[in-house]
Amino acid sequence: MNKRIAILGSTGSIGTQTLDVIAHHPDQFTVEALAGGRNVELLAEQIRRFKPKLASVATRELADRLSALIPAGTRILFGEEGLLETAAGTDADFVVTAVVGNQGLEPTIAAIEAGKTIGLANKEPLVSAGHLVTEAANRKGVRLLPIDSEHSAIFQCLNGERREEVRKITITASGGSFRDHTRAELEGVTVEQALNHPNWSMGAKITIDSATMVNKGLEVIEAHWLFDLPYDQIGVILHPESIIHSYVEFKDSSIIAQLGNPDMRVPIQYALSYPNRLLSPAKSLDLAEIATLNFRPMDFDRFPCLRMAYESGRTGGTAPTVFNAANEQAVAKFLQGEIPFLRIETIIEECLQRHSVMSSPQIGDILEADRWARETASLLG
(Lines give C-alpha, C1' and ligand atoms only; values in the text may rest on other atoms or scores of the structure.)
Protein backbone atom coordinates (compact mmCIF):
# COMPACT_ATOMS: atom_id res chain seq x y z
CA MET A 1 0.00 0.00 0.00
CA ASN A 2 1.24 3.45 -0.92
CA LYS A 3 -1.56 5.96 -0.93
CA ARG A 4 -1.07 9.40 -2.40
CA ILE A 5 -2.57 11.96 -0.03
CA ALA A 6 -3.83 15.52 -0.49
CA ILE A 7 -4.71 17.52 2.63
CA LEU A 8 -7.06 20.49 2.66
CA GLY A 9 -6.20 22.39 5.85
CA SER A 10 -2.72 20.98 6.41
CA THR A 11 -1.71 23.66 8.94
CA GLY A 12 -4.71 23.15 11.23
CA SER A 13 -5.05 20.69 14.10
CA ILE A 14 -6.30 17.77 11.99
CA GLY A 15 -3.91 18.55 9.15
CA THR A 16 -0.80 18.60 11.34
CA GLN A 17 -1.85 15.37 13.07
CA THR A 18 -2.48 13.76 9.67
CA LEU A 19 1.06 14.63 8.65
CA ASP A 20 2.32 13.17 11.93
CA VAL A 21 0.59 9.88 11.07
CA ILE A 22 2.12 9.98 7.59
CA ALA A 23 5.57 10.66 9.06
CA HIS A 24 5.27 7.50 11.16
CA HIS A 25 4.52 5.44 8.03
CA PRO A 26 6.58 6.90 5.16
CA ASP A 27 6.45 3.58 3.28
CA GLN A 28 2.64 3.65 3.29
CA PHE A 29 1.82 7.23 2.27
CA THR A 30 3.07 9.95 -0.07
CA VAL A 31 2.02 13.58 0.30
CA GLU A 32 0.83 14.78 -3.09
CA ALA A 33 -0.63 18.20 -2.26
CA LEU A 34 -1.21 20.55 0.69
CA ALA A 35 -3.56 23.48 1.18
CA GLY A 36 -2.54 25.56 4.18
CA GLY A 37 -4.62 28.73 4.23
CA ARG A 38 -2.69 31.59 5.85
CA ASN A 39 -0.01 29.96 8.00
CA VAL A 40 2.79 30.40 5.48
CA GLU A 41 5.68 29.59 7.82
CA LEU A 42 4.24 26.25 8.95
CA LEU A 43 3.18 25.34 5.41
CA ALA A 44 6.71 26.07 4.17
CA GLU A 45 8.07 23.76 6.86
CA GLN A 46 5.62 21.04 5.79
CA ILE A 47 6.59 21.46 2.14
CA ARG A 48 10.29 21.17 2.91
CA ARG A 49 9.68 17.98 4.88
CA PHE A 50 7.08 16.18 2.76
CA LYS A 51 7.89 17.59 -0.71
CA PRO A 52 4.39 17.76 -2.24
CA LYS A 53 4.03 18.53 -5.93
CA LEU A 54 1.42 21.21 -5.23
CA ALA A 55 0.63 23.62 -2.38
CA SER A 56 -2.03 26.28 -2.02
CA VAL A 57 -2.57 29.31 0.22
CA ALA A 58 -5.37 31.83 0.64
CA THR A 59 -4.08 34.81 -1.38
CA ARG A 60 -1.62 35.79 -4.11
CA GLU A 61 0.44 37.78 -1.58
CA LEU A 62 0.79 34.71 0.64
CA ALA A 63 1.71 32.62 -2.41
CA ASP A 64 4.54 35.01 -3.20
CA ARG A 65 5.77 34.83 0.41
CA LEU A 66 5.60 31.04 0.35
CA SER A 67 7.53 30.78 -2.90
CA ALA A 68 10.44 32.62 -1.31
CA LEU A 69 10.58 30.15 1.59
CA ILE A 70 10.68 26.81 -0.24
CA PRO A 71 12.99 25.10 -2.74
CA ALA A 72 11.97 24.61 -6.36
CA GLY A 73 9.79 21.62 -7.19
CA THR A 74 6.45 22.49 -5.58
CA ARG A 75 3.88 24.38 -7.65
CA ILE A 76 2.20 27.16 -5.65
CA LEU A 77 -1.43 28.19 -6.17
CA PHE A 78 -3.80 30.37 -4.17
CA GLY A 79 -7.43 31.17 -3.48
CA GLU A 80 -10.47 29.13 -4.42
CA GLU A 81 -8.79 27.86 -7.57
CA GLY A 82 -5.85 26.57 -5.54
CA LEU A 83 -8.13 24.80 -3.06
CA LEU A 84 -10.08 23.13 -5.88
CA GLU A 85 -6.86 22.08 -7.63
CA THR A 86 -5.50 20.61 -4.37
CA ALA A 87 -8.74 18.68 -3.94
CA ALA A 88 -9.30 17.40 -7.45
CA GLY A 89 -6.44 18.24 -9.80
CA THR A 90 -3.55 16.05 -8.63
CA ASP A 91 -2.65 12.36 -8.69
CA ALA A 92 -3.77 11.96 -5.07
CA ASP A 93 -6.15 9.06 -4.56
CA PHE A 94 -7.12 10.10 -1.00
CA VAL A 95 -8.17 13.62 0.01
CA VAL A 96 -8.34 14.68 3.67
CA THR A 97 -10.84 17.53 4.00
CA ALA A 98 -9.83 19.37 7.19
CA VAL A 99 -10.60 23.00 6.39
CA VAL A 100 -12.94 24.81 8.77
CA GLY A 101 -16.46 25.69 7.71
CA ASN A 102 -18.32 25.80 4.42
CA GLN A 103 -15.23 26.66 2.40
CA GLY A 104 -14.76 22.89 2.26
CA LEU A 105 -18.05 22.27 0.44
CA GLU A 106 -17.10 22.85 -3.19
CA PRO A 107 -13.61 21.28 -2.90
CA THR A 108 -15.13 18.18 -1.30
CA ILE A 109 -17.65 17.77 -4.10
CA ALA A 110 -14.91 18.44 -6.68
CA ALA A 111 -12.75 15.71 -5.12
CA ILE A 112 -15.68 13.28 -5.19
CA GLU A 113 -16.39 14.10 -8.84
CA ALA A 114 -12.69 13.40 -9.55
CA GLY A 115 -13.09 9.94 -7.99
CA LYS A 116 -10.96 10.57 -4.88
CA THR A 117 -11.58 8.70 -1.62
CA ILE A 118 -12.52 11.27 1.03
CA GLY A 119 -11.20 11.36 4.59
CA LEU A 120 -13.89 13.59 6.07
CA ALA A 121 -12.84 15.83 8.96
CA ASN A 122 -14.78 18.88 7.70
CA LYS A 123 -18.36 18.41 8.94
CA GLU A 124 -19.92 21.28 7.08
CA PRO A 125 -20.20 19.73 3.57
CA LEU A 126 -22.49 17.03 4.95
CA VAL A 127 -24.25 19.45 7.29
CA SER A 128 -25.05 22.00 4.58
CA ALA A 129 -25.28 19.76 1.53
CA GLY A 130 -25.58 16.19 2.73
CA HIS A 131 -28.04 15.29 -0.02
CA LEU A 132 -25.67 16.56 -2.72
CA VAL A 133 -22.49 15.09 -1.23
CA THR A 134 -23.94 11.62 -0.64
CA GLU A 135 -25.61 11.58 -4.07
CA ALA A 136 -22.31 12.44 -5.75
CA ALA A 137 -20.42 9.86 -3.68
CA ASN A 138 -22.94 7.13 -4.53
CA ARG A 139 -22.94 8.06 -8.22
CA LYS A 140 -19.12 8.08 -8.43
CA GLY A 141 -18.63 5.03 -6.19
CA VAL A 142 -16.51 7.12 -3.79
CA ARG A 143 -16.06 6.22 -0.13
CA LEU A 144 -16.60 8.85 2.57
CA LEU A 145 -14.36 7.70 5.42
CA PRO A 146 -15.00 9.59 8.68
CA ILE A 147 -12.10 11.15 10.56
CA ASP A 148 -14.07 12.59 13.50
CA SER A 149 -13.45 10.27 16.45
CA GLU A 150 -17.19 9.76 17.00
CA HIS A 151 -18.04 8.89 13.40
CA SER A 152 -14.94 6.75 13.07
CA ALA A 153 -16.09 4.85 16.17
CA ILE A 154 -19.54 4.24 14.69
CA PHE A 155 -18.01 3.26 11.35
CA GLN A 156 -15.80 0.70 13.10
CA CYS A 157 -18.70 -0.64 15.20
CA LEU A 158 -20.74 -1.17 12.03
CA ASN A 159 -18.02 -3.11 10.21
CA GLY A 160 -19.48 -6.44 9.16
CA GLU A 161 -22.93 -5.59 10.51
CA ARG A 162 -26.22 -5.20 8.65
CA ARG A 163 -27.60 -1.65 8.85
CA GLU A 164 -31.21 -2.87 9.09
CA GLU A 165 -30.30 -4.52 12.41
CA VAL A 166 -29.21 -1.23 14.00
CA ARG A 167 -31.56 0.04 16.68
CA LYS A 168 -29.69 3.22 17.58
CA ILE A 169 -26.31 4.91 17.41
CA THR A 170 -25.12 7.05 20.32
CA ILE A 171 -22.54 9.81 19.96
CA THR A 172 -20.59 10.56 23.11
CA ALA A 173 -19.83 14.14 24.15
CA SER A 174 -17.14 15.32 26.54
CA GLY A 175 -19.24 18.37 27.42
CA GLY A 176 -16.43 20.76 26.56
CA SER A 177 -14.79 23.40 28.69
CA PHE A 178 -17.91 24.22 30.73
CA ARG A 179 -19.52 20.81 31.13
CA ASP A 180 -19.88 21.23 34.91
CA HIS A 181 -21.07 24.85 34.76
CA THR A 182 -24.67 25.87 35.31
CA ARG A 183 -26.32 28.35 32.97
CA ALA A 184 -25.82 31.07 35.56
CA GLU A 185 -22.10 30.27 35.82
CA LEU A 186 -21.69 30.79 32.07
CA GLU A 187 -22.37 34.50 32.41
CA GLY A 188 -19.13 36.35 31.76
CA VAL A 189 -16.87 33.37 30.94
CA THR A 190 -13.79 34.39 28.97
CA VAL A 191 -12.38 33.27 25.63
CA GLU A 192 -9.37 31.81 27.43
CA GLN A 193 -11.63 29.71 29.67
CA ALA A 194 -13.68 28.52 26.69
CA LEU A 195 -10.54 27.41 24.83
CA ASN A 196 -9.35 25.24 27.72
CA HIS A 197 -10.76 21.89 26.57
CA PRO A 198 -10.25 19.19 29.23
CA ASN A 199 -9.61 16.24 26.88
CA TRP A 200 -8.84 17.11 23.26
CA SER A 201 -6.34 19.26 21.41
CA MET A 202 -8.37 21.06 18.73
CA GLY A 203 -8.53 24.35 16.88
CA ALA A 204 -10.15 27.41 18.46
CA LYS A 205 -13.42 27.27 16.54
CA ILE A 206 -14.04 23.57 17.23
CA THR A 207 -13.14 24.03 20.90
CA ILE A 208 -15.76 26.77 21.26
CA ASP A 209 -18.25 24.56 19.39
CA SER A 210 -17.53 21.81 21.91
CA ALA A 211 -18.35 24.16 24.78
CA THR A 212 -21.68 25.21 23.23
CA MET A 213 -22.42 21.65 22.01
CA VAL A 214 -22.76 22.96 18.44
CA ASN A 215 -20.00 20.54 17.51
CA LYS A 216 -22.10 17.63 18.73
CA GLY A 217 -25.11 18.99 16.84
CA LEU A 218 -23.10 19.12 13.62
CA GLU A 219 -21.97 15.55 14.31
CA VAL A 220 -25.60 14.43 14.67
CA ILE A 221 -26.49 15.92 11.28
CA GLU A 222 -23.33 14.45 9.74
CA ALA A 223 -24.15 11.01 11.19
CA HIS A 224 -27.63 11.18 9.65
CA TRP A 225 -26.03 11.42 6.20
CA LEU A 226 -23.01 9.18 6.75
CA PHE A 227 -24.97 6.25 8.14
CA ASP A 228 -28.35 6.87 6.47
CA LEU A 229 -30.26 6.87 9.76
CA PRO A 230 -33.24 8.97 10.87
CA TYR A 231 -32.69 11.44 13.70
CA ASP A 232 -34.80 9.35 16.08
CA GLN A 233 -32.09 6.67 15.87
CA ILE A 234 -29.24 9.05 16.73
CA GLY A 235 -28.62 9.88 20.38
CA VAL A 236 -26.07 11.89 22.35
CA ILE A 237 -24.77 11.15 25.86
CA LEU A 238 -22.33 13.04 28.08
CA HIS A 239 -19.18 11.04 28.77
CA PRO A 240 -16.56 13.28 30.45
CA GLU A 241 -13.58 10.94 30.03
CA SER A 242 -13.87 10.66 26.21
CA ILE A 243 -12.79 7.01 26.35
CA ILE A 244 -15.84 5.51 24.63
CA HIS A 245 -15.90 7.46 21.39
CA SER A 246 -19.39 6.32 20.39
CA TYR A 247 -21.41 3.11 20.32
CA VAL A 248 -24.07 1.22 18.41
CA GLU A 249 -27.03 -0.70 19.81
CA PHE A 250 -28.52 -3.48 17.69
CA LYS A 251 -32.00 -4.97 17.58
CA ASP A 252 -31.03 -7.83 19.90
CA SER A 253 -29.98 -5.22 22.53
CA SER A 254 -26.28 -5.96 22.02
CA ILE A 255 -24.06 -2.87 22.15
CA ILE A 256 -20.72 -2.52 20.39
CA ALA A 257 -18.54 0.43 21.43
CA GLN A 258 -15.16 1.70 20.29
CA LEU A 259 -12.75 2.76 23.05
CA GLY A 260 -9.38 4.45 23.18
CA ASN A 261 -7.44 7.31 24.72
CA PRO A 262 -8.37 10.74 23.33
CA ASP A 263 -5.92 10.99 20.43
CA MET A 264 -7.09 12.16 17.01
CA ARG A 265 -4.24 10.34 15.30
CA VAL A 266 -6.10 7.05 15.83
CA PRO A 267 -9.21 7.86 13.76
CA ILE A 268 -7.07 9.78 11.24
CA GLN A 269 -4.81 6.77 10.75
CA TYR A 270 -7.76 4.37 10.51
CA ALA A 271 -9.26 6.44 7.68
CA LEU A 272 -5.91 6.65 5.89
CA SER A 273 -5.10 2.94 6.20
CA TYR A 274 -8.63 1.50 5.83
CA PRO A 275 -9.34 -1.39 5.49
CA ASN A 276 -5.99 -2.17 7.14
CA ARG A 277 -4.73 -1.24 10.60
CA LEU A 278 -1.21 0.03 11.26
CA LEU A 279 0.88 0.46 14.38
CA SER A 280 -0.09 3.72 16.04
CA PRO A 281 1.99 6.35 17.87
CA ALA A 282 -0.94 6.77 20.28
CA LYS A 283 -0.76 5.49 23.85
CA SER A 284 -2.57 2.20 24.51
CA LEU A 285 -5.67 2.34 26.70
CA ASP A 286 -5.33 0.85 30.20
CA LEU A 287 -8.85 0.40 31.59
CA ALA A 288 -7.52 -0.60 35.00
CA GLU A 289 -5.70 2.74 35.15
CA ILE A 290 -8.83 4.63 34.03
CA ALA A 291 -10.87 2.60 36.56
CA THR A 292 -14.15 4.50 36.18
CA LEU A 293 -16.17 5.74 33.24
CA ASN A 294 -18.98 8.23 33.82
CA PHE A 295 -22.09 9.05 31.80
CA ARG A 296 -24.86 11.62 32.08
CA PRO A 297 -28.03 12.08 30.01
CA MET A 298 -28.02 15.00 27.62
CA ASP A 299 -29.77 18.12 28.92
CA PHE A 300 -31.23 20.08 26.01
CA ASP A 301 -32.12 23.00 28.27
CA ARG A 302 -28.49 23.31 29.40
CA PHE A 303 -27.26 22.91 25.81
CA PRO A 304 -29.90 24.56 23.57
CA CYS A 305 -27.59 24.55 20.53
CA LEU A 306 -27.88 20.77 20.39
CA ARG A 307 -31.66 21.05 20.42
CA MET A 308 -31.48 23.57 17.55
CA ALA A 309 -29.22 21.21 15.59
CA TYR A 310 -31.75 18.38 15.84
CA GLU A 311 -34.55 20.76 14.83
CA SER A 312 -32.53 22.05 11.87
CA GLY A 313 -31.65 18.54 10.76
CA ARG A 314 -35.25 17.39 10.89
CA THR A 315 -36.39 20.51 9.02
CA GLY A 316 -33.74 19.92 6.37
CA GLY A 317 -33.26 22.06 3.27
CA THR A 318 -31.29 25.20 4.05
CA ALA A 319 -31.97 25.12 7.82
CA PRO A 320 -28.72 23.22 8.69
CA THR A 321 -26.78 25.64 6.46
CA VAL A 322 -28.14 28.61 8.42
CA PHE A 323 -27.51 26.87 11.75
CA ASN A 324 -23.88 26.27 10.80
CA ALA A 325 -23.15 29.64 9.18
CA ALA A 326 -24.79 31.66 11.96
CA ASN A 327 -22.72 29.74 14.48
CA GLU A 328 -19.47 30.36 12.60
CA GLN A 329 -20.14 34.08 12.54
CA ALA A 330 -21.19 34.17 16.20
CA VAL A 331 -18.12 32.18 17.29
CA ALA A 332 -15.86 34.57 15.38
CA LYS A 333 -17.49 37.51 17.17
CA PHE A 334 -16.99 35.81 20.56
CA LEU A 335 -13.33 35.00 19.84
CA GLN A 336 -12.80 38.66 18.90
CA GLY A 337 -14.35 39.78 22.19
CA GLU A 338 -17.38 41.40 20.55
CA ILE A 339 -20.10 39.34 22.26
CA PRO A 340 -20.45 37.30 25.47
CA PHE A 341 -20.37 33.50 25.33
CA LEU A 342 -24.10 32.93 25.79
CA ARG A 343 -24.90 35.32 22.94
CA ILE A 344 -23.63 32.68 20.49
CA GLU A 345 -26.70 30.51 20.98
CA THR A 346 -29.21 33.37 20.82
CA ILE A 347 -27.70 34.65 17.56
CA ILE A 348 -28.11 31.17 16.05
CA GLU A 349 -31.71 30.96 17.22
CA GLU A 350 -32.59 34.42 15.92
CA CYS A 351 -31.12 33.60 12.50
CA LEU A 352 -33.08 30.35 12.32
CA GLN A 353 -36.30 32.14 13.26
CA ARG A 354 -35.78 34.79 10.54
CA HIS A 355 -34.87 32.31 7.79
CA SER A 356 -37.33 31.08 5.15
CA VAL A 357 -36.24 27.48 4.58
CA MET A 358 -35.73 26.28 1.01
CA SER A 359 -36.20 22.54 0.51
CA SER A 360 -33.93 20.50 -1.80
CA PRO A 361 -31.42 23.34 -2.31
CA GLN A 362 -28.68 23.21 -4.93
CA ILE A 363 -25.15 24.53 -4.44
CA GLY A 364 -26.09 28.09 -5.36
CA ASP A 365 -29.02 28.07 -2.94
CA ILE A 366 -26.82 26.72 -0.15
CA LEU A 367 -24.13 29.34 -0.74
CA GLU A 368 -26.78 32.09 -0.75
CA ALA A 369 -28.31 30.81 2.51
CA ASP A 370 -24.82 30.66 3.98
CA ARG A 371 -24.11 34.24 2.90
CA TRP A 372 -27.46 35.45 4.26
CA ALA A 373 -26.91 33.76 7.63
CA ARG A 374 -23.43 35.21 8.06
CA GLU A 375 -24.58 38.69 7.15
CA THR A 376 -27.59 38.45 9.47
CA ALA A 377 -25.51 37.06 12.35
CA SER A 378 -22.88 39.76 11.92
CA LEU A 379 -25.56 42.44 12.38
CA LEU A 380 -26.84 40.86 15.58
CA GLY A 381 -24.78 42.23 18.46
Side-chain angles (χ1 to χ4, degrees), residues 1-23 25 28-37 43 46-47 50-58 74-130 132-148 151-152 155 203 222 225-226 264-265 267-276 363:
M1 178 179 70
N2 190 290
K3 293 183 180 178
R4 297 183 298 273
I5 311 295
I7 304 174
L8 309 181
S10 68
T11 57
S13 175
I14 295 297
T16 54
Q17 291 178 89
T18 299
L19 288 171
D20 185 57
V21 168
I22 291 171
H25 300 283
Q28 303 285 332
F29 308 110
T30 300
V31 176
E32 194 75 18
L34 299 173
L43 181 57
Q46 293 173 345
I47 292 169
F50 293 96
K51 300 177 175 57
K53 296 175 184 175
L54 172 70
S56 177
V57 287
T74 298
R75 186 161 62 109
I76 306 299
L77 297 176
F78 63 91
E80 184 178 343
E81 178 187 345
L83 201 57
L84 289 170
E85 186 72 8
T86 306
T90 74
D91 291 331
D93 41 45
F94 191 105
V95 177
V96 175
T97 62
V99 293
V100 175
N102 252 352
Q103 65 175 322
L105 173 56
E106 291 182 283
T108 299
I109 291 178
I112 292 170
E113 293 291 350
K116 317 290 189 183
T117 300
I118 306 297
L120 198 64
N122 175 217
K123 301 175 180 63
E124 287 78 8
L126 281 182
V127 169
S128 293
L132 300 179
V133 172
T134 54
E135 184 278 327
N138 290 334
R139 174 167 44 82
K140 299 295 292 189
V142 164
R143 274 192 173 276
L144 302 176
L145 297 175
I147 282 178
D148 273 348
H151 299 101
S152 177
F155 181 69
E222 186 180 7
W225 292 109
L226 272 176
M264 280 305 301
R265 292 176 298 178
I268 290 169
Q269 181 173 289
Y270 186 70
L272 291 179
S273 65
Y274 180 82
N276 303 315
I363 288 287

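- Interatomic distance, CG of L226 versus CG of L120, reported as 6.0 Å (0.5 Å rounding).
- Under the rule for a side chain to side chain donor-acceptor pair (under 3.5 Å), the partners of S152 that lie at least two apart in sequence or sit in another chain are Q156.
- Shown here for A129 and L105, the closest heavy-atom pair between the two residues is CB-CD1, 3.6 Å.
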Q: For the pair V133 and I118, evaluate side chain to side chain contact (heavy atoms under 4.5 Å, CB included) and give the outcome as yes or no after the intermediate values.
A: CA-CA 11 Å; V133 172; I118 306 297; over 6 Å; no
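- Between the OG1 atom of T11 and the CG atom of L34 there is a distance of 9.5 Å, given to the nearest 0.5 Å.
- Shown here for A121 and I14, the closest heavy-atom pair between the two residues is CB-CG2, 3.8 Å.
- For E32, the side chain to side chain donor-acceptor pair (under 3.5 Å) test picks out K53, with sequence neighbours left out.
- Counting non-hydrogen atoms of other residues, nucleotides and ligands closer than 6.0 Å to CD of E80 gives a total of 12 or fewer.
- Nearest heavy atoms, I47 versus I76: CD1-CD1, 4.5 Å.
- Taking every heavy atom of both residues into account, G104 and V99 meet most closely at CA-CG2, 3.4 Å.
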Q. Please walk me through it: do S10 and L43 pass side chain to side chain contact (heavy atoms under 4.5 Å, CB included)?
A. CA-CA 7 Å; S10 68; L43 181 57; 3.6 Å; yes
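- To the nearest 0.5 Å, the span separating CD on Q269 from CD on Q28 amounts to 9.0 Å.
- In R265, the CZ atom is crowded: over 12 heavy atoms of neighbouring residues, nucleotides or ligands sit closer than 6.0 Å.
- Every residue was checked against the side chain to side chain donor-acceptor pair (under 3.5 Å) condition with R4, not counting sequence neighbours, and none meets it.
- In terms of heavy-atom proximity, I7 sits nearest to G15 at CG2-CA, 4.1 Å.
- Distance check, rounded to the nearest 0.5 Å: NZ of K140 to CD1 of I109 gives 13.0 Å.
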(Q) Could you walk me through whether T134 and L126 satisfy the side chain to side chain contact (heavy atoms under 4.5 Å, CB included) test, starting with their C-alpha distance in whole Å, then the side-chain angles of each, then the deciding distance to 0.1 Å, before giving a yes or no? (A) CA-CA 8 Å; T134 54; L126 281 182; 4.0 Å; yes
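- When all heavy atoms of F155 and P146 are compared, the closest pair comes out as CB-CG, 3.8 Å.
- Scored by the side chain to side chain donor-acceptor pair (under 3.5 Å) test, N138 finds no partners at all (sequence neighbours excluded).
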**Q.** Check against side chain to side chain contact (heavy atoms under 4.5 Å, CB included), L272 and V96
**A.** CA-CA 9 Å; L272 291 179; V96 175; 4.0 Å; yes
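- For E222, the salt bridge (charged side-chain N to carboxylate O under 4.0 Å, His left out) criterion is met by no residue, not counting sequence neighbours.
- Residue pairs satisfying the side-chain hydrogen bond (donor to acceptor under 3.5 Å, both in side chains) criterion with at least one member in residues 108-119, sequence neighbours excluded, are listed as follows: E113-R139.
- For the atom pair CG (L145) and CD1 (I268), the distance works out to 13.0 Å, reported to the nearest 0.5 Å.
- Atom-to-atom distance recorded for K3:NZ and Y274:OH is 9.5 Å, nearest 0.5 angstrom.
- Between F29 and F94, the distance separating the two ring centers is not shorter than 6.0 angstrom.
- In terms of modelled atom types and a separation under 3.5 Å, the side chain of T16 and the main chain of S13 share a donor-acceptor contact.
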Without placing hydrogens or testing angles, list every side-chain donor-acceptor pair under 3.5 Å for residues 82-91, not counting sequence neighbours.
unit_1: E85; atom_1: OE2; unit_2: R75; atom_2: NH2; d: 3.4
unit_1: T86; atom_1: OG1; unit_2: G82; atom_2: O; d: 2.7
unit_1: T90; atom_1: OG1; unit_2: A92; atom_2: N; d: 3.1

